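Have a look at the structure below, then the notes.
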Amino acid sequence: LVENAVLLAGIAAAEGERATAVRHLQQAMQQVTVPELFYPQLPWFKSLEGEPGYAEVVTELERRKSEIRSQIGALADA
């Protein structure tokens, strides 16, 4: 389950297992467009900044959210 991957990422981050946390987040991003419960501003995810692969996960998350907002805006304008 995606929620489990995000929760496991949070636990791994809290335990200082940064690479493991990033791998869990990457798995979550492969499973769904926008994983629930993944908020990069939360302290345990913020602690992953600088870990290889994390910036790419956050950048992709923001790209997907922006795309969804654009689609919603286009529907509202139609």
Side-chain angles (χ1 to χ4, degrees):
L1 289 167
V2 175
E3 291 83 11
N4 288 347
V6 176
L7 290 174
L8 289 172
I11 292 168
E15 292 178 344
E17 297 179 18
R18 296 162 47 97
T20 300
V22 171
R23 279 196 303 277
H24 285 301
L25 291 173
Q26 289 167 333
Q27 289 171 349
M29 293 289 289
Q30 290 173 356
Q31 294 174 19
V32 295
T33 304
V34 177
E36 292 183 38
L37 308 177
F38 176 36
Y39 300 98
Q41 66 271 28
L42 292 173
W44 44 92
F45 293 130
K46 203 153 186 57
S47 73
L48 298 174
E49 291 177 357
E51 183 66 25
Y54 183 69
E56 291 81 0
V57 170
V58 174
T59 298
E60 179 61 17
L61 177 68
E62 292 308 316
R63 185 196 68 74
R64 292 177 187 186
K65 286 180 176 181
S66 178
E67 184 177 310
I68 290 168
R69 283 190 290 272
S70 293
Q71 292 172 352
I72 291 170
L75 289 173
D77 293 338

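Starting from 1, each residue takes its place in the sequence as its number. Predicted, not measured: the structure shown is a model, and the values here were computed from it.
Residues passing the side-chain contact (heavy atoms from CB on, under 4.5 Å) test with Ala12, sequence neighbours excluded: Glu17, Thr20, Ala21. Arg69 is linked by a side-chain hydrogen bond (donor to acceptor under 3.5 Å, both in side chains) to nothing, counting only residues two or more places apart in sequence or in another chain. Residues passing the side-chain hydrogen bond (donor to acceptor under 3.5 Å, both in side chains) test with Glu51, sequence neighbours excluded: Arg18. Every residue meeting the side-chain contact (heavy atoms from CB on, under 4.5 Å) condition with Leu61, not counting sequence neighbours, appears here in chain and number order: Met29, Val34, Pro35, Phe38, Pro40, Lys65.
Every pair passing side chain to side chain donor-acceptor pair (under 3.5 Å) that includes a residue from residues 53-63 is listed here, sequence neighbours excluded: Glu60-Arg63, Glu60-Arg64, Arg63-Glu67. Within the structure, no pair that satisfies the ring pair (Phe, Tyr, Trp, His ring centres under 6.0 Å) test touches residues 56-78, not counting sequence neighbours. Sequence neighbours left out, the pairs with a member in residues 28-49 that pass salt bridge (Lys or Arg N to Asp or Glu O under 4.0 Å) are Lys46-Glu49.
Leu37 is connected to Ile68 through a chain of hydrophobic side-chain contacts under 4.5 Å among Ile, Leu, Val, Met, Phe, Trp and Tyr, so both are in one cluster. Leu7 and Tyr39 end up in the same hydrophobic cluster when Ile, Leu, Val, Met, Phe, Trp and Tyr side chains are linked at under 4.5 Å. Residues Leu25 and Val58 fall within the same hydrophobic cluster, defined by Ile, Leu, Val, Met, Phe, Trp and Tyr side chains chained together at heavy-atom separations under 4.5 Å.
Residue Trp44 comes nearest to Gly10 through the heavy atom pair CD1-CA, 3.8 Å, listed as atom of the first residue, atom of the second, then distance.
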Report the C-alpha separation of Val57 and Leu48 in whole Å, then their side-chain angles, then the decisive distance to 0.1 Å, and conclude whether the side-chain contact (heavy atoms from CB on, under 4.5 Å) test is met.
-> CA-CA 11 Å; Val57 170; Leu48 298 174; over 6 Å; no

